[in-house]
There are 2 protein chains.
Amino acid sequence: MENKCMLCNYKSVAETKLTEAELGELSCNCLTVSFKKGDSIIRQGTYSTNVAYLKSGLAKIHIEGPYHVQVVRIVKPANYLGLPTTFGDKVNQYSVTAVENSEVCFIDITYFRKLLTLNHDFSNQIIVELCKGEIESYQKCVNRTQKQVRGKVADVLLDFSDNIYRSDKFVVQINQEDLGNLVDASRESVSRVLNDFSREGIIRISGKEVEILNKEMLQMISKHGW
Amino acid sequence: MENKCMLCNYKSVAETKLTEAELGELSCNCLTVSFKKGDSIIRQGTYSTNVAYLKSGLAKIHIEGPYHVQVVRIVKPANYLGLPTTFGDKVNQYSVTAVENSEVCFIDITYFRKLLTLNHDFSNQIIVELCKGEIESYQKCVNRTQKQVRGKVADVLLDFSDNIYRSDKFVVQINQEDLGNLVDASRESVSRVLNDFSREGIIRISGKEVEILNKEMLQMISKHGW
DNA sequence: CAGAGAATGTGATTTGTATCACAATTTTAT
DNA sequence: ATAAAATTGTGATACAAATCACATTCTCTG
């Protein structure tokens, strides 16, 4: 039997700490599933029996709020999709949906737990990632609640450019409604700000493609919140 | 030498998983410090060299936002104060301040790391707590951004009553300014809502003491966001 | 390729809450 | 005990953004 996890080019940082033998056993306890854009990967309120890991594509994590959905964050490949929801509670506390066509590995939770006890470098890396995630979520929340819409939209554009797509030019796969849910703004406000930025020569929009023309200005807007 | 950590009545859930020997060694790697109300326990931007743990009292975690401070959460005894900030980054990403006179144990980070590798029940519990913390922070953020001030103030009152003080009658040690920073509202709005609740017979206020008279109503207001 | 449905653009109106300004009260230090 | 400082209460005003109501433009799908 081949060691498919060892040959996999999309390992998480934690998985690079695993031995050949551990990766071999992981291969037997892991199932890769393809999802189409828009497909639900994890559903809030259902039982969580596997650790989900995004191998390729793009996904959004979202929670049901008192008024409307909130997109908590966008997850790019080589990251776990639902560690907190899998370990913190028996029932999933949030939903995950594919934003682009994606491949997701489902790792058996029992084996994942075993890995945590077997390999300290692995468990250490998981802890570090959880810590980083929490700090990031604090930071995101401050931005969301204190900045005004222009600042928040500037934030997402910079995040897309610097972290998600790693390019000044990218195709946004998320509609303005969801963009609004991600930064806590209405669909209409997102539309207005995006067009304002375009008119001001900060970005160029053609269809779903966005090009950042003046990153310094975006950073200014992001920093000062307007 | 006495095993002070073993005799300690304020162990974290994770610490209850430690063996007698481990607790003994912990005693040698842990220092208890007293803080007065208002004292700074951890300062954002400084190096983090210890894991902080709240033994008694009450503390608030807060971050510097673009406009003003945001109180991220209130921590009650037998909980770690800065796991994410200690493990996620070399530099503290948030500040912690004593809300009441408090005792804090500072655990040497090297020994804490050693404990994580030595005792799987311990590290597992830490992971579970980190996961719960992240989910909680998502939930808090949704509430903060989607509910209006009445709903958010109802939320804190319920949190104080159900989780922090575990009583329908308690003395709020946080002023309205900070209460505002905790729920993202202005000091004036908090004052108005608190007095509205009082006039409506939902709570009774005398000085810093608050008594919840109609918890069902508060839950209604919290749930519906107004 | 036409027609339906989804997504986006844009003005007018409404609204919740921040901000300002100051009074009143409580707490703290001398 | 008393002045000073901090905290709280409350009206008036300002303002950012949500909501509403359509128009327009994309994008599937039969």
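Below, chains carry the letters A, B, ... as their sequence lines are ordered, and counting in each starts from 1.
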Novice: Output the rounded distance in Å from CD1 (B:Ile174) to C1' (D:dA6).
Specialist: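 So the CD1-C1' distance, B:Ile174 to D:dA6, works out to 17 Å.
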Novice: Counting any heavy atom closer than 4.0 Å, what does A:Ser186 reach on the DNA or RNA strands: base, sugar-phosphate only, or nothing?
Specialist: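 Contact class for A:Ser186: base.
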Novice: If I take atom NZ in residue A:Lys147 and atom C1' in nucleotide C:dA18, what distance separates them, rounded to the nearest angstrom?
Specialist: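 To the nearest whole Å, that distance equals 19 Å.
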Novice: Give the rounded distance in Å between these two atoms: CD1 of B:Ile205 and C1' of D:dT7.
Specialist: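 Result: 14 Å.
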Novice: Are any non-hydrogen side-chain atoms of B:Leu83 and B:Val51 less than 4.5 angstrom apart?
Specialist: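 SC-SC contact between B:Leu83 and B:Val51 confirmed.
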Novice: Among D:dA17, C:dT8, D:dT10, find the nucleotide with the atom closest to the side chain of B:Asn195.
Specialist: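 Selected nucleotide: D:dT10.
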Novice: Let me know the distance between NE2 of B:His68 and C1' of C:dT17, rounded to the nearest Å.
Specialist: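 B:His68 atom NE2 is separated from C:dT17 atom C1' by 12 Å.
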Novice: Calculate the interatomic distance between B:Arg187 atom CZ and D:dG11 atom P; express it in whole Å.
Specialist: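 Atom-to-atom, B:Arg187 to D:dG11, this comes out as 14 Å.
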Novice: Measure from the side-chain heavy atoms of B:Ala185 and tell me the nearest of D:dT10, C:dA18, D:dA16.
Specialist: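 Nearest to the side-chain atoms of B:Ala185, counting from C-beta on, is C:dA18.
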Novice: Where the side chain of B:Glu188 is concerned, which of C:dT19, C:dT17, D:dA17 is the nearest nucleotide?
Specialist: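 Closest of the options to the side chain of B:Glu188: C:dT19.
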Novice: Rounding to a whole Å, what distance do you find between A:Asp196:CG and C:dG9:C1'?
Specialist: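 The distance from CG of A:Asp196 to C1' of C:dG9 comes to 11 Å, rounded to the nearest Å.
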Novice: Taking only the side-chain heavy atoms of B:Gln176 (C-beta and beyond), determine which of D:dT10, D:dG9, C:dT17 contains the nearest atom.
Specialist: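 The answer is D:dG9.
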Novice: Return the orientation label for the B:Phe112 and B:Tyr80 ring planes: parallel under 30°, perpendicular over 60°, tilted otherwise.
Specialist: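 The arrangement is perpendicular - the two ring planes meet at more than 60°.
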Novice: Do B:Asn79 and B:Leu54 have side chains that get closer than 4.5 Å, going by heavy atoms?
Specialist: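 They are not in contact (no side-chain heavy atoms under 4.5 Å apart), so the answer is no.
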Novice: Would you say the side chain of B:Arg192 and the base of C:dT19 hold a donor-acceptor pair, judged only by whether the two atoms sit under 3.5 Å apart?
Specialist: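 Donor-acceptor pair under 3.5 Å: yes.
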Novice: So if I take every side-chain heavy atom of A:Ser191 and compare against D:dT10, C:dG9, D:dC20, which nucleotide ends up nearest?
Specialist: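 Of D:dT10, C:dG9, D:dC20, C:dG9 is nearest to the side chain of A:Ser191.
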Novice: State whether the distance check finds a donor on one side and an acceptor on the other, under 3.5 Å, for side chain B:Arg150 versus base C:dG16.
Specialist: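 Side chain to base: no pair below 3.5 Å.
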Novice: With nearest nucleotide decided by heavy atoms, which residue, A:Asp184 or A:Gly207, maps closer to the 5′ end of DNA chain D?
Specialist: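 Between the two, 5'-proximity favours A:Asp184.
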Novice: In this structure, how many angstroms lie between the C1' atom of C:dA7 and the CD atom of A:Gln173, rounded?
Specialist: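 Going from CD in A:Gln173 over to C1' in C:dA7 covers 14 Å.
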Novice: Provide, to the nearest angstrom, the distance between the CD atom belonging to A:Gln146 and the P atom belonging to C:dA18.
Specialist: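 Going from A:Gln146 (CD) to C:dA18 (P), I get 11 Å.
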Novice: I want to check something: taking the side chain as every heavy atom from C-beta on, are B:Phe197 and B:Val153 in contact at a cut-off of under 4.5 Å?
Specialist: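 They are in side-chain contact.
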Novice: Report, one line per pair, each donor and acceptor closer than 3.5 Å where one atom sits in a side chain of residues 28-41 of chain B; sequence neighbours left out.
Specialist:
{"from": "B:Asn29", "atom 1": "ND2", "to": "B:Glu25", "atom 2": "O", "distance (Å)": "2.9"}
{"from": "B:Lys37", "atom 1": "NZ", "to": "B:Gln173", "atom 2": "OE1", "distance (Å)": "3.4"}
{"from": "B:Asp39", "atom 1": "OD2", "to": "B:Lys36", "atom 2": "N", "distance (Å)": "2.7"}

Novice: Among D:dT10, D:dC20, C:dA18, find the nucleotide with the atom closest to the side chain of B:Ser189.
Specialist: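 Nearest listed nucleotide: C:dA18.
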Novice: Taking OP1 and OP2 of C:dT10, is either one under 4.0 Å from a side-chain nitrogen or oxygen of A:Arg199?
Specialist: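 It does, given that an N or O in the side chain of A:Arg199 lies less than 4.0 Å from OP1 or OP2 of C:dT10.
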Novice: With a cut-off of less than 4.0 Å, is there a side-chain N or O of B:Lys208 near OP1 or OP2 of C:dT27?
Specialist: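 Checking C:dT27 against B:Lys208, no side-chain N or O comes under 4.0 Å of OP1 or OP2.
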